[in-house]
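Below: the structure, in structure tokens.
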Amino acid sequence: MLPETARNPLLPRIETMPGMLLAGSCRAMSLMDNQTRELWQEFMPLRNHIPGRVGNELYSVDIYPDAEYLRDFDPHRTFRKWAGVPVTTWEGLPEPLEKLELPEGLYAVFRYRGSPRTVGAFYHRILTEWLPASLYDLEHRPHLAVMGPTYLGDHPDSEEDLWIPVRVKDGAS
């Protein structure tokens with residue numbers, strides 16, 4: 001029998017992610033000027049030259065300029081997107097790679113199955129269906145997509161974990 005989260009993709013697990021160091025590449029972009037493909041093409045040849053790498057997962061990180069970015073959505077508004085991997089240290093990090101420190105925090109973690117081309121609709125459901133009905137509010141911290149061994153690129157059976165930063169709503173327990 002499938003676990004409940006597999007049967008209902010809008011039923012996340014809630015986790016506290018410890019602080020983490022990432023090494024990677026970063027670009028400012030908007031959804032209308034989406035440079036995700038170019039970012040990953042720039043990063044992937046460098047990933048195996050990163051000292052202190054932890055695990056084999058790849059991290060896509062979106063850092064929005066303020067807490068209102070997703071509430072007052074404008075597809076032309078820019079944000080920073082990272083392609084990276086977790087590391088134990090930044091010592092010896094080769095150029096042109098950059099450093100990102102992710103803060104500890106509470107996350108709703110959703111398993112997404114499908115093509116990256118259709119993930120936008122899944123995010124929309126999280127923000128408009130799950131979040132308002134949940135015990136959580138969106139928190140202004142980085143949003144993550146963690147791609148492990150079941151990530152198959154543009155394949156319809158591809159899987160990745162979407163980490164949405166949350167905090168417990170005032171008055172909820």
Study note, to complete from the structure: Applying ring-ring contact (aromatic ring centres under 6.0 Å, His included) to Tyr112 and not counting sequence neighbours gives Phe122
Revision key, fill the gap. dist Leu70:CG -> Asp74:CG (nearest 0.5 Å) comes out at 12.0 Å
Check your understanding: Side-chain contact, heavy-atom cut-off 4.5 Å: Leu138 with Arg71?
Key -> yes
Practice item. Just do the side chain to side chain contact (heavy atoms under 4.5 Å, CB included) check on Leu162 and Val146 with the steps written out, would you? Key: CA-CA 7 Å; Leu162 307 178; Val146 179; over 6 Å; no
**Study point:** same_hphob_cluster(Phe110, Leu106) at 4.5 Å side-chain heavy-atom cutoff
**Key:** yes
Review point. Side chains of Tyr69 and Asp72: does their closest heavy-atom pair fall under 4.5 Å?
Key: no
Practice item. Could you pull out all residues at least two apart from Pro45 that satisfy side chain to side chain contact (heavy atoms under 4.5 Å, CB included)? Key: none
Review point. Is the closest side-chain heavy-atom distance between Leu58 and Phe43 below 4.5 Å?
Key: yes
Review point. Is Tyr123 reachable from Tyr151 through a run of I, L, V, M, F, W or Y residues, each pair having side-chain heavy atoms under 4.5 Å apart?
Key: no
Practice item. Carefully, step by step, assess Ile63 and Phe79 under the rule side chain to side chain contact (heavy atoms under 4.5 Å, CB included). Key: CA-CA 6 Å; Ile63 301 177; Phe79 62 96; over 6 Å; no
Review point. What pairs with Arg167 under side-chain hydrogen bond (donor to acceptor under 3.5 Å, both in side chains), at least two apart in sequence or on another chain?
Key: none
Practice item. State plainly whether one hydrophobic cluster holds both Leu46 and Val54, where clusters connect Ile, Leu, Val, Met, Phe, Trp and Tyr through side-chain heavy atoms under 4.5 angstrom apart. Key: no
Exercise for review: Find out whether Leu131 and Ile164 are in side-chain contact, i.e. whether some heavy atom of one side chain is under 4.5 Å from a heavy atom of the other.
Suggested key: no
Practice item. Any pair with a residue in residues 97-106 that passes salt bridge (charged side-chain N to carboxylate O under 4.0 Å, His left out), sequence neighbours left out, goes on the list, sorted by first then second residue, please. Key: none
Review point. If you round to the nearest 0.5 Å, how far is NE2 of His155 from OG of Ser115?
Key: 10.5 Å
Check your understanding: Considering residues at least two apart in sequence or located in another chain, which fulfil the salt bridge (charged side-chain N to carboxylate O under 4.0 Å, His left out) criterion with Asp161?
Key -> Arg13, Arg111
Practice item. Taking all non-hydrogen atoms of both residues into account, name the closest pair between Pro132 and Lys169 and its distance. Key: O-NZ, 3.1 Å
**Study point:** Sequence-distant partners of Arg113, side chain to side chain contact (heavy atoms under 4.5 Å, CB included), two or more places apart
**Key:** Asp157, Glu159
**Study point:** Taking every non-hydrogen atom, the tightest pair across Gly92 and Pro51
**Key:** O-CG, 3.5 Å
Practice item. Applying salt bridge (charged side-chain N to carboxylate O under 4.0 Å, His left out), name anything that partners Asp154, two or more places apart in sequence or on another chain. Key: Arg117
**Study point:** Set of residues satisfying side-chain hydrogen bond (donor to acceptor under 3.5 Å, both in side chains) with respect to Thr88, sequence neighbours excluded
**Key:** none
Exercise for review: Could you check if a side-chain atom of Leu152 sits within less than 4.5 angstrom of a side-chain atom of Thr150, using non-hydrogen atoms only?
Suggested key: no
Point to revise | Non-hydrogen side-chain atoms of Pro75 and Phe73 separated by less than 4.5 Å | key: yes
Report, one line per pair, each donor and acceptor closer than 3.5 Å where one atom sits in a side chain of residues 19-35; sequence neighbours left out.
residue: Ser25; atom: OG; partner: Glu42; partner atom: OE2; Å: 3.4
residue: Arg27; atom: NH1; partner: Gln35; partner atom: OE1; Å: 2.8
residue: Arg27; atom: NH2; partner: Glu42; partner atom: OE1; Å: 3.3
residue: Ser30; atom: OG; partner: Met32; partner atom: N; Å: 3.3
residue: Ser30; atom: OG; partner: Asp33; partner atom: N; Å: 3.0
residue: Asp33; atom: OD2; partner: Gln35; partner atom: NE2; Å: 2.9
residue: Asn34; atom: OD1; partner: Thr36; partner atom: N; Å: 2.8
residue: Asn34; atom: OD1; partner: Thr36; partner atom: OG1; Å: 2.6

Practice item. Not counting sequence neighbours, list each pair that qualifies as a salt bridge (charged side-chain N to carboxylate O under 4.0 Å, His left out) and has a residue in residues 76-88. Key: Asp62-Lys81, Asp66-Arg77
Review point. Quick one: ring-ring contact (aromatic ring centres under 6.0 Å, His included) partners of Trp82, sequence neighbours excluded?
Key: none
Exercise for review: List the steps and the verdict of side chain to side chain contact (heavy atoms under 4.5 Å, CB included) for Ile50 and Leu93.
Suggested key: CA-CA 6 Å; Ile50 298 174; Leu93 189 64; 4.1 Å; yes
Check your understanding: Could you give all pairs that pass the side chain to side chain donor-acceptor pair (under 3.5 Å) test and reach residues 127-146, with sequence neighbours left out?
Key -> Tyr107-Arg141, Arg125-Glu129, Glu139-Arg141
Point to revise | Common cluster, Leu135/Leu127, ILVMFWY with side-chain heavy-atom separation under 4.5 Å | key: yes
Check your understanding: Do Trp40 and Val61 sit in the same hydrophobic cluster, where Ile, Leu, Val, Met, Phe, Trp and Tyr count as joined when their side-chain heavy atoms come under 4.5 Å apart?
Key -> no
